[in-house]
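Have a look at the structure below before the remarks.
None of these values were measured; they are calculated from a predicted model.
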Amino acid sequence: MQHADKYKTMYFPSPTHTHKWVEKDHIEKPPIWCSVDLRDGNQALIIPMSLEEKIEFFKLLVKIGFKEIEVGFPAASETEFEFCRTLIEQNLIPDDVTIQVLTQAREHIIKKTFEAIKGAKQAVVHLYNSTSVAQREQVFKKSKEEIIKIAVDGAELLKRLTEEDGGNYRFEYSPESFTGTEMDFALDICNAVLDVWKPTKDWPTIINLPVTVSHSMPHVYASQIEFMSDNLKYRDSVVLSVHPHNDRGTGVADAELAVLAGADRVEGTLFGNGERTGNVDIVTLALNMYSHGVDPKLDFSHLPAIVDEYEKVTRMHVYERQPYAGKLVFAAFSGSHQDAIAKGMTWRETHNCDKWTVPYLAIDPKDLGREYEADVIRINSQSGKGGIGFLLDKTYGIRIPPQMREEVGYSVKDVSDHAHKELQPEEVLKVFKEKYVNITSPIEFKEVHFEQKDGIQTELTIDKYGVHKVYHGKGNGRLDAVSNALKRHSEIDYTISTYEEHALETGSSSKACAYVAIDGTDGKTYWGVGIDNDIINASVIALISAVNRYMDATGAKK
């Protein structure tokens, strides 16, 4: 990069350096949340939401649990004004929810805003004007004193109109472009506004300190917030709010450190939609707290449904790797990751864990309405035996013996590799069945009978290369007797090395699943799986499946 020298520091560090927030390692309670999706988020959409879409989104925000929702900039457009009036006139605002409206510190805009909220049970009127050096010098060409007068005049008009209207309104003030403002001046203008409003504990004022444009590292912003928190007038009657944007990709970090530094409230959007690189992502913030054992007081237990609704009304797309919400954020394709997750899940089941400690998963996907089978273990050519075994077990109840998992893993990965795609659970099952389960060529099982005489004697009926056969054999057990019958009439020899079985629940019926491994004279192991309503038949079918695979691999003759 050749032109770094044309950039200079655009922020102003805190004049004091107490840094009390550094001593805290996590947020102990959630802040007050204010969604600005319907204002800040909406103005950043290529196609702003229609009235009907905004109403639908408002209802979603209420359902999630937001108690403060900025519904728009009523003076900006007829749709914004009409939306505000519709919410009030159709009584769509729950009693425990406060709407918030934004207005510049300009008389005609303030008056139009008050027309929009007339009749609201309660509302926050959010006043702002820009205070940064760049805005003062380049845009407004005004002195500090003139900028303060704009804010104070606006604050006085809000107070007078509220008294005339008799409305139950609270006030919020934002020194827009706070992060590009000298801290002493930001403090002066906020205190000047507070002196007009004179907040009390029963009628608190919100002072909102936005990262309108992100200029600094998060710790600098935290120190700025701490300075303002320590020096604002009427602090016990002030709700200190933050509104981080994400220009440097640090919106979440800015908000988290700001809360540690004294912020009481956070304004943001679902999934971080907003101007330029966006606003702070409230979903991420809330679930970060949740992962530390703190209830955020917002309900994201059906997050996929929230994503669907959000994408429908905004026409935005939630990126697949978006924290918590993306379709792939819990997905493990790596074999080692899958193995660790599968073992972690088993550990939880066997140890009755009350704390979540599964490797690679920061929180339990089920808490967000996600499914382990569909969302966590994803199968492609990078997958491993542990993940494939976990998927077959949790999805279909097929518990592959540990000794068999590596071979099955390579079989499934080979299909994925050649197809150059991810395999869905049903495709994994198809590979497993076609290669190992109930193999009928060259030997097809028909029936078997046993008699306890000199050990166990058997009569085995099969079709071999399409020819009907009845074989007899004996052994020290049923499977041994069947094996001896097969070897006696074939030019093959092998040793049974593994046998396992378990019940297989499939819908309303219960079947038996048996696994047999045989060691051939070629030094290789061949697996077969039998699934049948009868466990004896399942074990015989598993053996025949293994023998069929052995004969096919070695080219055994009729």
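Counting only heavy atoms from C-beta outward, the side chains of H468 and T461 approach each other to under 4.5 Å. In this structure, the side chains of I341 and Q338 stay at 4.5 Å or more apart for every pair of heavy atoms. Side-chain contact between H489 and K469: absent, with no pair of heavy atoms (C-beta onward) separated by less than 4.5 Å. Residues W527 and E407 meet the side-chain proximity criterion, which asks for heavy atoms closer than 4.5 Å. Contact of the D393 side chain with the I398 side chain is not registered, since no non-hydrogen atoms from C-beta on lie closer than 4.5 Å. In this structure the side chain of E267 reaches within 4.5 angstrom of the side chain of R265, judged on heavy atoms. A heavy-atom distance below 4.5 Å is found between the side chains of M345 and L361. In this structure the side chain of V211 never reaches within 4.5 angstrom of the side chain of V242, judged on heavy atoms.
Residues meeting the ring-ring contact (aromatic ring centres under 6.0 Å, His included) test with Y310, sequence neighbours left out: F271. In this view, R405 satisfies the side-chain hydrogen bond (donor to acceptor under 3.5 Å, both in side chains) rule with no residue, not counting sequence neighbours. Partners of D532 under the salt bridge (Lys or Arg N to Asp or Glu O under 4.0 Å) rule, at least two apart in sequence or in another chain, do not exist in this structure. With sequence neighbours excluded, the residues that form a salt bridge (Lys or Arg N to Asp or Glu O under 4.0 Å) with K430 are E434. Checked against ring-ring contact (aromatic ring centres under 6.0 Å, His included), W347 has the following partners two or more places apart in sequence or in another chain: H351. Under the ring-ring contact (aromatic ring centres under 6.0 Å, His included) criterion, F432 pairs with Y436, not counting sequence neighbours. Here D247 pairs with R276 under the side-chain hydrogen bond (donor to acceptor under 3.5 Å, both in side chains) rule; sequence neighbours left out. A search for salt bridge (Lys or Arg N to Asp or Glu O under 4.0 Å) contacts involving E70 returns R39, not counting sequence neighbours. Shown here are the salt bridge (Lys or Arg N to Asp or Glu O under 4.0 Å) partners of K24, two or more places apart in sequence or in another chain: there are none. Judged as a side-chain hydrogen bond (donor to acceptor under 3.5 Å, both in side chains), and not counting sequence neighbours, the contacts of H502 are Y515. With sequence neighbours left out, E426 forms a side-chain contact (heavy atoms from CB on, under 4.5 Å) with Y396, Q424.
The nearest pair of heavy atoms linking H26 to L260 is O-CD2, 3.5 Å.
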Verdict with reasoning, R478 to S539, per side chain to side chain contact (heavy atoms under 4.5 Å, CB included): CA-CA 9 Å; R478 290 184 174 88; S539 64; over 6 Å; no
Residue pair K343, E349: steps toward the salt bridge (Lys or Arg N to Asp or Glu O under 4.0 Å) verdict: CA-CA 10 Å; K343 288 175 179 175; E349 293 174 1; over 6 Å; no
Test log, rule salt bridge (Lys or Arg N to Asp or Glu O under 4.0 Å), inputs D308 and K312: CA-CA 6 Å; D308 291 343; K312 182 179 76 171; over 6 Å; no
Pair S490-K464, side chain to side chain contact (heavy atoms under 4.5 Å, CB included): steps then yes or no: CA-CA 10 Å; S490 303; K464 185 176 182 182; 3.1 Å; yes
Derivation of the side-chain hydrogen bond (donor to acceptor under 3.5 Å, both in side chains) call for D281 and Q322: CA-CA 10 Å; D281 178 357; Q322 180 93 358; 3.0 Å; yes
Verdict with reasoning, F445 to S545, per side chain to side chain contact (heavy atoms under 4.5 Å, CB included): CA-CA 9 Å; F445 170 78; S545 296; over 6 Å; no
Chi angles and distances behind the side-chain hydrogen bond (donor to acceptor under 3.5 Å, both in side chains) call for D40, H243: CA-CA 10 Å; D40 204 341; H243 182 120; 2.9 Å; yes
Test log, rule side chain to side chain contact (heavy atoms under 4.5 Å, CB included), inputs E427 and V431: CA-CA 6 Å; E427 293 175 296; V431 173; 5.7 Å; no
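S483 and Y494 share a side-chain donor-acceptor pair at under 3.5 Å. With 3.5 Å as the limit, one finds no donor-acceptor pair spanning the side chains of E459 and H449. There is no side-chain donor-acceptor pair under 3.5 Å between H472 and Q457. Side-chain contact annotation: D414 with H418, donor-acceptor N/O pair under 3.5 Å present. In summary, the side chains of E501 and Y499 do present a donor paired with an acceptor at a separation below 3.5 Å, with no hydrogens or angles considered.
A side-chain contact (heavy atoms from CB on, under 4.5 Å) with L38 holds for exactly one of Q43, K54, E53; it is K54.
Taking CD1 of I64 as the start and CG of D299 as the end, the distance is 8.0 Å to the nearest 0.5 Å. The distance from atom OG of S411 to atom NZ of K435, rounded to the nearest 0.5 Å, is 4.5 Å. Interatomic distance, CG of N484 versus CG of L486, reported as 9.0 Å (0.5 Å rounding). Between the NE2 atom in H219 and the OG1 atom in T250 there is a gap of 11.5 Å [rounded to 0.5 Å]. Note that CD1 of I456 is 10.0 Å distant from CG of D480, once rounded to the nearest 0.5 Å. To the nearest 0.5 Å, the span separating NZ on K366 from CH2 on W356 amounts to 9.5 Å.
No side-chain donor-acceptor contact under 3.5 Å links N246 to the backbone of N279. No donor-acceptor pair under 3.5 Å is formed between the side chain of W33 and the backbone N or O of G268. The backbone N or O of A342 lies less than 3.5 Å from a partner atom in the side chain of T346, making a donor-acceptor pair. In this structure, S291 contributes its side chain and N288 its backbone to a donor-acceptor pair below 3.5 Å. With E309 contributing its side chain and L60 its backbone, the two residues share no donor-acceptor pair below 3.5 Å.
Classified by interplanar angle (parallel below 30°, tilted 30° to 60°, perpendicular above 60°), the ring pair F58/F83 is perpendicular.
Ion pairing between a basic and an acidic side chain is recognised when a charged N comes within 4.0 Å of a carboxylate O; K474 and D454 show no such pairing. Ion pairing between D96 and K67 holds under the 4.0 Å rule for side-chain N and carboxylate O.
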Just distance, no hydrogens or angles: give the donor-acceptor pairs under 3.5 Å from side chains in residues 517-524, sequence neighbours left out.
{"from": "D519", "atom 1": "OD1", "to": "S497", "atom 2": "OG", "distance (Å)": "3.4"}
{"from": "D519", "atom 1": "OD1", "to": "T525", "atom 2": "OG1", "distance (Å)": "2.8"}
{"from": "T521", "atom 1": "OG1", "to": "Y550", "atom 2": "OH", "distance (Å)": "3.0"}
{"from": "D522", "atom 1": "OD1", "to": "K524", "atom 2": "N", "distance (Å)": "3.1"}
{"from": "D522", "atom 1": "OD2", "to": "Y526", "atom 2": "OH", "distance (Å)": "2.5"}

